[in-house]
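Here is the structure we will look at, set down as structure tokens.
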Amino acid sequence: MKSYLPPLRALQAFEAFGRLGSVTGAAQELGVTSGAISQQLKVLEEHLSMKLINKDGRRAALSNEALAYHKLIAEGFDRLRMAHTLVQRTKMGADLKVSGLPTLLLKWLNPLLHDIQAHLDDVPLRLEATHLEPDPDLTNDMFRLTYGSIAQRFPHARVLFTDHSFPACSPAFLKQHPEARTAEGLLRLPLIEIDWGPAYSSVPRWADWFAANGVRGASFKPVAVHSLSSSALEAAAGGQGVVLAQRSFSRFDLELGRLVRLSQDSLSMPEPYFVCWGDTTLNQPKAREFLNWLMATSRKYTTDEQDI
């Protein structure tokens with residue numbers, strides 16, 4: 001019987017390209033040449049009879065028609081990775097597993113881990129960055145760091161912190177565009193938007209920022225829209241424009257001078273971030289110590305916020 005599914009290699013190249021945003025990045029991750037990635041993308045376009053990639057000079061990006069398709073394909077590959085991870089966990093035994101939203105792990109948790117790793121002794125800390133929320137019955141051997149009401153699905157959850165957002169850009173960009181300090185000035189500059197998708201429609205965006213600062217009905221067109229906060233922050237740090245940055249994600253970039261906060265005004269996130277876990281998670285070696293450290297760190301983070 002003939003399969004109507006596209007070749008797996010083509011889907012893998014498409015998923016990696018859409019997630020990483022470049023042919024070169026996809027090639028490096030999959031261990032092939034850039035030409036091989038381009039060829040697989042072409043194979044997929046021919047199979048679907050649909051244009052997947054738009055090119056603007058040397059830059060390439062997913063077409064509008066391909067975005068919804070990529071989201072479903074990415075969820076499928078996330079589940080494949082989760083299944084593989086589950087098998088590896090069984091083999092490796094007593095490591096401490098932390099699953100989390102990618103930017104929350106990369107930009108908030110990861111820079112803080114040196115404080116706890118010395119106390120974990122020989123217990124490995126295994127981090128899994130994924131947007132896909134694990135099934136509640138799979139959380140018995142892991143912690144899950146997530147956002148909003150989805151935390152109610154899990155057997156146990158505690159609030160980590162409630163974040164807030166504000167405009168930020170690179171020091172070089174601000175030097176070139178000092179008008180970025182005002183809401184009216186921002187309207188004339190390249191704005192980097194972050195869109196987490198329809199499930200998070202209440203998360204503050206640029207239109208909310210302008211309305212909160214007295215610029216109602218503001219007309220603007222973002223220079224780019226990112227689904228990952230981390231990639232939007234990197235774009236801003238690279239001088240591509242101004243981003244509405246969350247404090248938890250931009251904190252270390254601000255301290256390192258890669259980003260500059262443009263206003264002391266901020267918009268609060270509508271829901272907090274959570275740590276979740278299963279009924280037997282705390283039976284693992286060092287799990288309770290890790291949880292206590294995580295909660296103490298989140299309280300310190302909130303205290304630091306009050307000093308800004």
Side-chain angles (χ1 to χ4, degrees), residues 6-48 50-85 88 99-111 126-132 169-170 173 190 192-197 222-241 243 245-246 249-250 252-253 256 258-259:
L8 181 58
R9 287 187 178 180
L11 288 175
Q12 189 178 26
F14 174 67
E15 187 275 336
F17 171 82
R19 173 166 45 83
L20 299 172
S22 73
V23 169
T24 301
Q28 290 175 346
E29 177 173 292
L30 299 180
V32 298
T33 65
S34 296
I37 295 295
S38 298
Q39 180 62 33
Q40 290 301 324
L41 293 175
K42 184 177 180 181
V43 167
L44 186 58
E45 285 186 326
E46 291 176 352
H47 186 96
L48 298 174
M50 182 174 110
K51 186 179 172 97
L52 298 174
I53 310 297
N54 286 329
K55 294 185 178 179
D56 181 9
R58 298 181 63 183
R59 298 180 63 182
L62 294 180
S63 67
N64 291 334
E65 297 82 1
L67 289 174
Y69 183 64
H70 181 270
K71 180 179 179 181
L72 292 174
I73 295 299
E75 289 176 357
F77 274 94
D78 272 342
R79 287 209 166 267
L80 289 174
R81 282 188 281 267
M82 184 179 293
H84 180 72
T85 300
Q88 293 302 312
S99 168
L101 298 174
T103 304
L104 186 58
L105 289 189
L106 175 66
K107 290 291 191 177
W108 182 71
L109 180 64
N110 197 51
R126 181 169 298 276
L127 304 179
E128 179 184 349
T130 176
H131 284 104
L132 190 65
C169 67
S170 71
F173 187 91
I192 301 168
E193 188 77 277
I194 301 172
D195 183 3
W196 287 2
V223 68
V225 180
H226 294 253
S227 61
L228 284 176
S229 298
S230 56
S231 65
L233 290 171
E234 285 302 308
Q240 296 179 26
V243 67
Q246 288 186 54
F249 298 161
S250 61
F252 287 94
D253 287 326
L256 292 171
R258 299 182 73 233
L259 290 175

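Here, residue 1 is the first one in the sequence, and each next residue gets the next number.
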Is it the case that the side chain of Ser229 and the backbone of Thr103 share a donor-acceptor pair, with hydrogens and angles ignored and the cut-off at 3.5 Å?
no
So, taking the atom named CZ in Arg19 and the one named CG in Asp78, what distance separates them when rounded to the nearest 0.5 Å?
8.0 Å
Just how far is it from atom CG of Leu11 to atom NE2 of His47, taken to the nearest 0.5 Å?
8.0 Å
For Phe252 versus Lys107, what's the shortest heavy-atom pair and its separation?
CD1-O, 4.2 Å
Excluding sequence neighbours, so at least two apart, what forms side chain to side chain contact (heavy atoms under 4.5 Å, CB included) with Ser227?
none
Find the distance between CG (Leu101) and CG (Leu109) and round it off to the nearest 0.5 Å.
11.5 Å
Start with the C-alpha distance between Phe249 and Leu104, add both sets of side-chain angles, then the distance that settles side-chain contact (heavy atoms from CB on, under 4.5 Å), and finish with yes or no.
CA-CA 7 Å; Phe249 298 161; Leu104 186 58; 3.9 Å; yes
About how many Å separate CG of Asn64 and CG of Asn54, when rounded to the nearest 0.5 Å?
7.0 Å
From CA spacing to verdict: side-chain contact (heavy atoms from CB on, under 4.5 Å), Arg258, Leu233:
CA-CA 10 Å; Arg258 299 182 73 233; Leu233 290 171; over 6 Å; no
Restricting to non-hydrogen atoms, name the atom on Ile192 and the atom on Ala232 that form the minimum distance, rounded to 0.1 Å.
CG2-CB, 3.9 Å
Set of ring-ring contact (aromatic ring centres under 6.0 Å, His included) partners for His70, sequence neighbours left out:
Phe14
Residue pair Glu45, Leu41: steps toward the side-chain contact (heavy atoms from CB on, under 4.5 Å) verdict:
CA-CA 6 Å; Glu45 285 186 326; Leu41 293 175; 5.7 Å; no
Can you give me the closest heavy-atom contact between Pro190 and Phe173, atom names plus distance?
CD-CZ, 3.8 Å
Taking side chain to side chain contact (heavy atoms under 4.5 Å, CB included) as the test, write out the residues that go with Leu106, two or more places apart.
Ser230
Using side-chain contact (heavy atoms from CB on, under 4.5 Å), reason through Phe17 and Leu52 one step at a time and then give a plain yes or no.
CA-CA 11 Å; Phe17 171 82; Leu52 298 174; over 6 Å; no
